Each structure stands twice: as C-alpha cells, then as structure tokens.
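The structure under discussion appears below in the form of structure tokens.
This is a predicted model, so every value here is computed, not measured.
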Amino acid sequence: MTYTNTVLTSALDAIGNTPVVDLSRLTKGIDGRILAKLDYLNPGFSKKDRIARQMIADAEASGELRKGQTVVELTSGNTGTGLAIVCGLKGYPFVAVMSKGNSMERARMMKALGAEVVLVDQLPASKVGAVSGGDLELVENETRCIVSERGAFRADQFRLQGNFRAHYLNTGPEFIRQSGGAIDAFCDFVGTGGSFAGCAAALKEHNPEIKCYIVEPEGAAVLAGEKAVYPNHRIQGGGYAMADLSMVNKEHIDGYLQVSEAQAIEITRRLASEEGVFAGFSSGANTAAALNLLAGDFKGKTIAVIMCDSGLKYLSTDLWKSTV
Ligand SMILES: Cc1ncc(COP(=O)(O)O)c(C=O)c1O
C-alpha cells in the first residue's frame, strides 16, 4: 500500500471541494438530472464558509483588515458561523449580529466557535422563523453601531467582492470539473446573490450556453418585478425582497423562478427521506425550482443546484417536527 499524507493544516483547508450528487431518486421517472453540490458538508455546515474565508483573505491582502482587529457582520447565522471559524483560526475577535427571528441553533453554534453574538429584536408584526426585510434593517442599524463603536472591520457580505469571488473562483469551477462540464442550467435561491453571481459568471465563462436562473419565494419575487405581498416566508437565508443585488450581473440572469414555501418544505423533506441529503429550506427551494425546469423547457437536461446548509440548523423549526 502506498500512503498519501492528506492531513490538512486546519479546518480552513477543509472548506470547499464539496461532493456533487446526482439526485436520481428524486428525479425517478423524470427526464433529466439534478446535480446537487453538498455544501452543507463544509466545516460550518453551510456554503457561507467559502465566503468567510475569501472575504477575510481579501481584506488581509488589501491591508483593510489589521492584525487582531475585531470583525463584525450581520448574519442569518451561516456567514457568521463561517466567520466564527475563520476569525477564530486566524486570531480576529468576531461579533455576529443576528435577528431573533433566525433559529437559535445558529447563535449557539457561533458562540461555541468563539464568537460574540448580538441578537436584535424583530419588528412587532414579524414572527420567529420568518425574517423580513424590515427585520434585517434593524439588524443592519445595530451592526453599523457596533462597527463604529469598536473600530471594527465589517465583513459585509452584501458589499465585499470576496462573496462573489469565493463562488467564482471555487464553487462554479468545482461544478464544472465535477460534472465533466455537463451542466445545462443553474438555479439559485438568492440572499445576497453572491452564490448566484459567482457561479453564473464561472459557468457562463466556461460555456455561455449554460442558463442561470434566480429563485425567489412566491409572494416575495421582487427581483422578478413583483410586489412583496408575503415577505415573512420561512425560507431562511434569502428572499429578502430587496429590489437590487449589487453583486449580480444582470446579463447573467436568464430568468426568474418562483417556489412556494410549501414546495420548498416538501422538497427539503424529500431530499432527506429519499436522497439522504439532510439540508435546509433553501436547498429544497433550489431543488424544487430545478424540478420545475425539468418539467418545462429543460426536459432531458442537467440542472446544477447548491445544497446551501444543513438540516441540523433547523431542528428547532417545524421543518422536521411535523414529520415525526
Ligand atoms: C441557507 C441559505 N440559503 C441561501 C442563501 C443565499 O445565498 P446568497 O447570499 O449567496 O445569495 C443564504 C445566505 O445567507 C443562506 O444562508
């Protein structure tokens, strides 16, 4: 036997290069394939580890982030978890600012990883488990205060190119390599739009024929030009009904898809029970949208989707409760 030393120097090197699985059980009887990238297998159990590592690396390289400086970010939990890991390993104190509407597993996890967690109340009309654009504004205000009080570096995932670059340099090219380039379309439920923007840019650079679709929740499809009549949906991590996402190159958008909360939940549960893919709401939304594509113009084609985070992050929600 020959031995290869594959020991990594830290969990930082365990970020990315996640497997891609053909969801062939879910697509049984359907003409076409859905290739799912299991990004919940990252150390912080979400795709956001990638952007945390890239934003910090970029800020170090540009000199924007000084040795030992405090890092602050607004998070629905996943970016915060990634930043808690990256900052912890690199020696930067990290403050995560999060809405009380997000599941508490996330806050606990960030604390365990060494972060200081600041929780912000929701608007009176909002519900736990459904963070609206208005709730996010409150979190944004608190984040700005903390950044200025502490002279901190803001790892702003809505603004920093590291968010885009993480997916442009890694997630997208990984998809191309792992699928042997055989991708016809990519669809992605957007929060900041970083994953969509980075993957779409990489995929289209590889083959301009690959079609890229933005996925939004039914009732909050503002990017598609609709009114937000249901901003308090339960698909955590995105669908914030923000009319503009600065990171997204509009030329890369081939269309907009909508998924209802109920469809996202149903498919998230089927991912777990039929595919052994234990992921969160937005992964279900991505897969539901991909199924819609296969049922329409993309019959017989291959659709790429990201499994954004782990189902473990939703154990306190009704995503799983009602199934036992
Ligand atoms: C679980 C989950 N899904 C989807 C998204 C949206 O990803 P992006 O911000 O890259 O658009 C996020 C972002 O926070 C997320 O946490």
Side-chain angles (χ1 to χ4, degrees), residues 4-21 35-62 64-65 71-73 75-94 96 105-106 109-115 153 155-158 160-179 186 188 191-199 201-203 237-238 247 277-280 282-283 286 304-313:
T4 326
N5 186 349
T6 55
V7 176
L8 306 173
T9 34
S10 79
L12 279 181
D13 296 329
I15 296 172
N17 284 315
T18 51
V20 169
V21 170
L35 303 186
K37 195 157 191 28
L38 307 192
D39 254 38
Y40 63 84
L41 295 178
N42 277 303
F45 308 113
S46 95
K47 64 180 181 178
K48 294 288 182 171
D49 288 3
R50 295 174 181 270
I51 76 162
R53 185 177 60 179
Q54 193 70 47
M55 290 191 298
I56 296 301
D58 287 358
E60 284 174 332
S62 69
E64 242 189 303
L65 176 60
V71 174
V72 177
E73 182 48 343
T75 174
S76 65
N78 284 333
T79 305
T81 300
L83 283 166
I85 292 171
V86 174
C87 291
L89 285 167
K90 291 190 152 191
Y92 302 103
F94 172 59
E105 288 92 325
R106 297 166 181 232
M109 194 173 164
M110 287 189 282
K111 273 193 191 155
L113 290 164
F153 171 75
D156 187 347
Q157 56 174 332
F158 280 89
L160 294 182
Q161 279 301 304
N163 181 356
F164 165 84
R165 278 161 48 76
H167 298 293
Y168 174 66
L169 297 174
N170 302 297
T171 323
E174 287 172 28
F175 257 135
I176 296 162
R177 273 198 306 275
Q178 290 168 299
S179 66
F186 166 68
D188 199 41
T192 64
S195 315
F196 175 87
C199 289
L203 292 171
M247 223 150 281
V277 169
F278 195 60
S282 63
S283 306
N286 285 341
V305 289
I306 302 175
M307 300 294 100
C308 310
D309 68 352
S310 170
L312 290 172
K313 300 198 180 202

(message) Out of the candidates D309, D39, T79, only one should pair with S46 under the side chain to side chain contact (heavy atoms under 4.5 Å, CB included) rule; please name it.
(response) D309

(request) Start with the C-alpha gap between N286 and C308, add the side-chain angles, then the distance that decides, and say whether side chain to side chain contact (heavy atoms under 4.5 Å, CB included) holds. (result) CA-CA 9 Å; N286 285 341; C308 310; 3.6 Å; yes

(message) Pair Y40, V277 - check side chain to side chain contact (heavy atoms under 4.5 Å, CB included), show working.
(response) CA-CA 9 Å; Y40 63 84; V277 169; 3.7 Å; yes

(request) Report yes or no: does S10 contribute a side-chain atom to a donor-acceptor pair with the main-chain N or O of L12 at less than 3.5 Å? (result) yes

(request) Specify the closest pair of heavy atoms between L83 and A52, including all atoms of both residues, with the distance to one decimal. (result) N-CB, 3.5 Å

(message) Can you confirm whether I306 sits close enough to T171 that some side-chain heavy atom of one is under 4.5 Å from a side-chain heavy atom of the other?
(response) yes

(message) Testing the basics here: between K37 and Q178, what is the closest heavy-atom pair and its distance to 0.1 Å?
(response) NZ-OE1, 2.8 Å

(request) Flag the pair F175 / F186 as yes when at least one side-chain heavy-atom distance between them is below 4.5 Å, and no otherwise. (result) yes

(message) Counting C-beta onward and ignoring hydrogens, is there a side-chain heavy-atom pair between N42 and R50 closer than 4.5 Å?
(response) yes

(request) Taking E73 for its side chain and Q157 for its backbone only, find out whether a donor-acceptor pair lies under 3.5 Å. (result) yes

(request) Flag the pair V20 / S179 as yes when at least one side-chain heavy-atom distance between them is below 4.5 Å, and no otherwise. (result) no

(message) Tell me if a side-chain donor or acceptor on D156 pairs with a main-chain N or O of F158 at a distance below 3.5 Å.
(response) yes

(request) Report yes if the side chains of I15 and Q54 come closer than 4.5 Å at any heavy-atom pair, otherwise no. (result) no

(message) Using every non-hydrogen atom in the two residues, find where A96 and M110 come nearest and quote the distance to one decimal.
(response) CB-SD, 3.5 Å

(request) Please report the C-alpha distance between R53 and I85 in whole Å, then the side-chain angles of each, then the deciding distance to 0.1 Å, and finally whether the side chain to side chain contact (heavy atoms under 4.5 Å, CB included) criterion is met. (result) CA-CA 9 Å; R53 185 177 60 179; I85 292 171; over 6 Å; no

(message) Could you measure the distance from the CG atom of L41 to the NZ atom of K47? Nearest 0.5 Å is fine.
(response) 14.5 Å

(request) Starting at CG of L160, measure out to CG of N163 and round the result to the nearest 0.5 Å. (result) 8.0 Å

(message) Ignoring hydrogens, what is the shortest heavy-atom contact between A59 and F153? Give both atom names and the distance.
(response) CB-CZ, 3.4 Å

(request) Answer whether the closest heavy-atom distance between the side chains of H167 and I51 falls below 4.5 Å. (result) yes

(message) For the CD1 atom of I176 and the CG atom of L203, what is their distance to the nearest 0.5 Å?
(response) 5.0 Å

